[in-house]
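I have placed the structure first, in the form of structure tokens, so that the comments after it can refer back to it.
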Amino acid sequence: MTRRKLIAAALFFTVFGALAYLPPLVILFRFDLRVFGVPVETVYVFALWFVLVVGARWFSRVLPDDRPPEEKLPQREAGP
């Protein structure tokens with residue numbers, strides 16, 4: 001993937017994560033069903049949290065570093 005596509009994907013991932021926690025989407029999972037005794041709404045919130053953490057880790061590994069190369073950094077002058 002190109003750098004531009006990775007940055008766009010990271011932005012989309014961030015916006016998706018923020019929107020997925022808003023009440024209209026969380027309310028979709030409010031019904032009387034339990035997974036191992038835990039309400040589905042709670043499972044949704046923690047599963048989404050886990051996916052966002054794993055995605056953030058992946059993007060932190062894949063996105064290129066923005067620091068300029070060493071040869072392009074301005075040289076510091078020795079002070080007195």
Side-chain angles (χ1 to χ4, degrees):
M1 263 190 181
T2 64
R3 175 184 158 89
R4 179 177 280 169
K5 286 183 182 180
L6 280 172
I7 292 173
L11 176 64
F12 174 77
F13 186 75
T14 304
V15 171
F16 166 76
L19 292 177
Y21 274 115
L22 291 177
L25 286 179
V26 175
I27 289 174
L28 290 176
F29 293 93
R30 278 189 98 167
F31 44 87
D32 292 332
L33 181 66
R34 293 182 178 265
V35 177
F36 300 113
V38 180
V40 173
E41 183 180 18
T42 305
V43 172
Y44 167 76
V45 168
F46 281 103
L48 180 62
W49 171 79
F50 180 75
V51 167
L52 290 174
V53 168
V54 169
R57 178 165 167 77
W58 183 78
F59 276 117
S60 73
R61 299 285 181 187
V62 174
L63 282 172
D65 197 8
D66 280 343
R67 285 183 282 171
E70 291 292 327
E71 65 269 1
K72 291 189 178 183
L73 291 176
Q75 298 294 326
R76 293 175 136 186
E77 294 182 18

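Any value given below was found using the heavy atoms of this structure, including those in side chains, with hydrogens, waters and symmetry copies removed.
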Tightest non-hydrogen contact, residues Ala20 and Leu48, listed as CB-CD2, 3.3 Å
If you look at every heavy atom in Val26 and Tyr21, which pair is closest and at what distance? CG2-O, 3.6 Å
Taking side chain to side chain contact (heavy atoms under 4.5 Å, CB included) as the definition, give me every residue that meets it alongside [X], ordered by chain and number, with sequence neighbours left out.
{"X": "Val53", "result": "Trp49"}
{"X": "Val51", "result": "none"}
{"X": "Thr14", "result": "none"}

Once salt bridge (Lys or Arg N to Asp or Glu O under 4.0 Å) is applied, what residue pairs with a partner in [range] remain, sequence neighbours excluded?
{"range": "residues 6-23", "value": "none"}
{"range": "residues 9-30", "value": "Arg30-Glu41"}
{"range": "residues 8-27", "value": "none"}

Test of understanding: clusters of I, L, V, M, F, W, Y form through side-chain heavy atoms closer than 4.5 Å, transitively. Do Ile27 and Val35 belong to the same one? no
By ring-ring contact (aromatic ring centres under 6.0 Å, His included), which residues pair with Phe59, not counting sequence neighbours? Phe13
Rounded to the nearest 0.5 angstrom, the OH-CG distance for Tyr44 and Leu28 is 8.0 Å
Within the structure provided, determine whether Phe46 and Val38 are in side-chain contact (heavy-atom separation under 4.5 Å). no
Under 4.5 Å between side-chain heavy atoms, chaining through other members, with only Ile, Leu, Val, Met, Phe, Trp and Tyr counted: pull out the rest of the cluster around Leu22, sorted by chain and number. Leu11, Val15, Leu19
